[in-house]
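Data first, discussion second: the structure below is written as structure tokens.
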Amino acid sequence: MSTILIRGGWVLPMAGGGPLKDGMIKIVDGKIATVGPWREPAKDSPPGEIVDARDRLVMPGLVNTHTHAAMVLFRGFADDLPLMTWLKEKIWPLEEKLTPEDIYWGTRLAINEMLLSGTTTFADMYFHQEEVARAVEETGIRAVLSRGLIGLSDHAEKDLEEAVTSAKKWRGQAGGKITTMLGPHASYTCPPGFLKQVVAAARRYQLGLHIHLAETGDELVQIGKEYGKRPVAYLADQGVFTRPVLAAHAVWLDDAEISYLARQKVGIAHNPSSNMKLASGIAPVPKLLAAKIPVGLGTDGAASNNRLDLLTETRTAALLHKVKTEDPTAIPAETALKMATVYGARVLGLGDTTGSLEPGKNADLIMIDLRKSHLAPVHDPFSLVVYAARGSDVSGVMVGGEWLVKEGKLLKWEENEVISESSRCARSLVAR
Ligand SMILES: [Zn+2]
């Protein structure tokens, strides 16, 4: 039995009780055993490791509910363009040339960045899922993987077969850290017949669906022209919402669609930076939350962000909805932080196993070093994390009871090796 005791400092459990000033967390065999005020451990059961967390803030690891990890290779390659121009002229032609090695090192680079800024779980939609899964397994981060499926592609059916094989093979792997979904890309890339096949496969193998939904006004126009309806109705007609759905963006929704998505128990990944950068619009997040839809935060791919820093998304979400609604009480700090943690876990179907510091859940947690000028004083720990902290303030990261980051450094591998291998892949990709 391995026991870790983290004691002292602020503890934000994000569920089942408010912040603790001098808190203590006991971790046994990778799971949280107790969370409470700091007291001395009993003499007869000495813990294996005691972590002094005074001057630190301990909270659940952040949950990035939507990204395309290996797109870090395109960071800064194509900026300041509209979504369709960006996709068709810049991103898709390069994606055609991606090799398994590119995906592996791109995903490793993304995992570096996510871990070092406090993300312990991410939901990915991309290609060469075998390589993504290998990177996840080797590093020890938690992930929900889906192979992106472009129904318009001339090898769409073969891709679907490959996606199903990979989803079956990898779910529950990496010590239970990997779960899988199918990833039909979007309404405008997946025709009705193909979507129906994806839904049938998802039903047969008990898989959820990860899809881009109502991201831009153009999508509404295009689906309206082709099928005479809005994206939600189009996807509903193909049976998409009969499966558990992780919907990214959900920017262009009307009130009836919000009620419908709430009834269908759809989870939504809100990606404020990506939506702002691509000028896609502003998702109606206060309305979604009022309708009791679980809403998590996502970075989207690094090509449209260009950071995979979920604390940036948390701050941006809190600010964006205030200016949109002209209401400074919209998305208060505590709500924003719930979106980044406990709600995000729910969106991914992992609400029982991660996202908050509660007994029985996996020990997925982060420590923020408060010994910084910009993090003093601590009047309100939620406010401090959301409005003042930065991803680079994360000093410790634990996933499933295993420390992956301590004192701001990756413990299991050389950060620089990953930077140089992925940079080599990126250079060769654009030259290909
Ligand atoms: Zn996306």
Side-chain angles (χ1 to χ4, degrees), residues 63-75 77-79 81-88 90-92 94-95 98 103 106-107 110 113-114 119 121-129 132 143-153 159 163 181-190 198 208-219 222-223 231 235 240 245-253 266-283 285 295-310 312-313 316-317 339 344 347-348:
V63 180
N64 183 351
T65 56
H66 177 71
T67 191
H68 315 279
M71 286 186 90
V72 288
L73 299 180
F74 307 141
R75 187 184 345 250
F77 172 73
D79 296 314
L81 294 168
L83 177 69
M84 286 304 163
T85 316
W86 176 78
L87 278 176
K88 287 182 180 162
K90 295 285 183 178
I91 299 301
W92 285 344
L94 265 198
E95 283 183 334
L98 281 168
I103 301 279
T107 307
E113 185 182 0
M114 287 192 278
T119 290
T121 300
F122 72 103
D124 196 57
M125 179 204 285
Y126 218 47
F127 313 111
H128 298 292
Q129 189 169 298
V132 181
V144 179
L145 304 183
S146 50
R147 189 215 190 277
L149 296 165
I150 309 286
L152 294 172
S153 149
D159 293 348
M181 300 176 109
L182 294 180
H185 173 265
S187 62
Y188 57 92
T189 48
C190 294
V198 176
L209 301 174
H210 183 178
I211 190 165
H212 295 91
L213 172 67
E215 181 175 359
T216 62
D218 281 353
E219 179 179 337
Q222 191 181 330
I223 297 300
L235 295 176
V240 166
V245 171
L246 159 58
H249 305 304
V251 171
W252 295 86
L253 298 179
V266 170
I268 289 176
H270 175 44
N271 303 263
S273 295
S274 171
N275 295 159
M276 289 165 76
K277 186 157 181 269
L278 292 166
S280 304
I282 303 177
V285 172
V295 183
L297 295 173
T299 57
D300 211 346
S304 63
N305 185 313
N306 299 353
R307 302 175 179 179
L308 304 185
D309 174 355
L310 211 74
T312 297
E313 297 313 308
T316 305
M339 289 164 67
V347 167
L348 302 186

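In each ligand, atom 1 is the first atom listed, and ligand 1 is the first ligand listed. Both backbone and side-chain heavy atoms feed into the values below; hydrogens, waters and symmetry mates do not.
- Residue-and-atom listing of protein N/O/S atoms under 2.8 Å from the Zn ion (ligand 1), sorted by chain and number: His66 NE2, His68 NE2, His212 NE2, Asp300 OD1.
- Between Glu95 and Lys90 there is no salt bridge, since no side-chain N of the basic residue sits under 4.0 Å from a carboxylate O of the acidic one.
- Leu209 has its side chain out of reach of Met181: every pair of non-hydrogen atoms, C-beta onward, lies at least 4.5 Å apart.
- For Lys277 and Asp300, the salt-bridge test fails: no basic side-chain N is under 4.0 Å from an acidic carboxylate O.
- The nearest pair of heavy atoms linking Gly301 to Leu308 is C-CD2, 4.4 Å.
- By the neighbour-count criterion of 12 heavy atoms within 6.0 Å, atom CH2 of Trp86 is densely surrounded, having more than that number from other residues, nucleotides or ligands.
- For Ser273 against Thr316, the heavy-atom pair with the smallest separation is OG-OG1, 4.0 Å.
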